[in-house]
Amino acid sequence: QVQLVESGGGLVQAGDSLRLSCAASGFISSGEGMAWFRQAPGKEREFVACISRDGWNTYYADSVKDRFTISRNYTTSTLYLQMNSLKPGDTAVYYCAEGRGSRCLTADWEYTYWGQGTQVAVSS
């Protein structure tokens, strides 16, 4: 069983930065791609960024490209999301997710394990 615990959310002003962390524990038998998704109030969950198991491949939603950076630390089994130039439209609960395959994927149904989420609020 894999457990994911997000942290690092908070209330910031537009233009500020935040770094989200996702600590992974447990074991899965195959390689794993990981991703960040977010859900704003009254909206469906949406893809933010993903990273392949080996870290070579990353992909971003157009809305966050050039502002957000996904990365992972294999030693500590931690996934990160560096968020710069935050906008009020980035306000949402952010979730990390881990799949059972090695690829960087954008569909939420491709991911098996999910964290509980961390709230990010950006004021104008």
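- We find that K87 and D90 are not joined by a salt bridge, their nearest charged nitrogen and carboxylate oxygen being 4.0 Å or further apart.
- S71 is linked by a side chain to side chain contact (heavy atoms under 4.5 Å, CB included) to Y80, counting only residues two or more places apart in sequence or in another chain.
- Listed by first then second residue, pairs satisfying disulfide (SG to SG under 2.5 Å) with a partner in residues 46-76 read C50-C104, not counting sequence neighbours.
- Expressed to the nearest 0.5 Å, how far CD of E6 lies from SG of C96 amounts to 4.0 Å.
- When the side-chain hydrogen bond (donor to acceptor under 3.5 Å, both in side chains) test is applied to N73, the partners found at least two apart in sequence or on another chain are T76.
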Please evaluate residues Y113 and E32 with respect to the criterion side chain to side chain contact (heavy atoms under 4.5 Å, CB included), reporting the C-alpha separation (whole Å), side-chain torsions for both, the decisive distance (0.1 Å), and the verdict. CA-CA 10 Å; Y113 304 102; E32 66 285 358; over 6 Å; no

Under 3.5 Å, which donor-acceptor pairs do the side chains of residues 8-22 form with other protein atoms, sequence neighbours left out?
| from | atom 1 | to | atom 2 | distance (Å) |
| --- | --- | --- | --- | --- |
| D16 | OD2 | Q13 | N | 3.1 |
| S17 | OG | N84 | OD1 | 3.0 |

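- Taking A23 as the reference, nothing meets the side chain to side chain contact (heavy atoms under 4.5 Å, CB included) condition, with sequence neighbours excluded.
- For the side-chain hydrogen bond (donor to acceptor under 3.5 Å, both in side chains) test, residues two or more places apart in sequence or in another chain that qualify with S52 are D54.
- Note that CG of L79 and CD of E98 are 9.0 Å apart. Values are rounded to the nearest 0.5 Å.
- Residues in residues 112-124 take part in no salt bridge (Lys or Arg N to Asp or Glu O under 4.0 Å) pair, two or more places apart or across chains.
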List the steps and the verdict of side chain to side chain contact (heavy atoms under 4.5 Å, CB included) for R38 and T91. CA-CA 9 Å; R38 67 186 182 186; T91 295; over 6 Å; no

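- Atoms CD and CD, from Q39 and E46 in turn, are 9.5 Å apart once rounded to the nearest 0.5 Å.
- In this structure Q3 satisfies the side chain to side chain contact (heavy atoms under 4.5 Å, CB included) test together with S25, sequence neighbours excluded.
- Under the disulfide (SG to SG under 2.5 Å) criterion, no residue pair touches residues 59-90, with sequence neighbours excluded.
- Its side chain within the 4.5 Å cluster rule, Y111 clusters with F37, F47, Y59, V93, Y95, L105, W114 among the Ile, Leu, Val, Met, Phe, Trp and Tyr residues.
- Qualifying side chain to side chain contact (heavy atoms under 4.5 Å, CB included) partners for K43, counting only residues two or more places apart in sequence or in other chains: A40.
- Qualifying side-chain hydrogen bond (donor to acceptor under 3.5 Å, both in side chains) partners for D66, counting only residues two or more places apart in sequence or in other chains: none.
- L4 CG to Q116 CD: the interatomic distance, rounded to the nearest 0.5 Å, is 9.0 Å.
- Contact between I70 and Y60 at its shortest, heavy atoms only, is N-OH, 2.9 Å.
- Remark: the backbone N or O of G55 is paired with a side-chain donor or acceptor of Y74 at under 3.5 angstrom.
- Taking CG from L81 and OG1 from T69, the interatomic distance works out to 8.0 Å, rounded to the nearest 0.5 Å.
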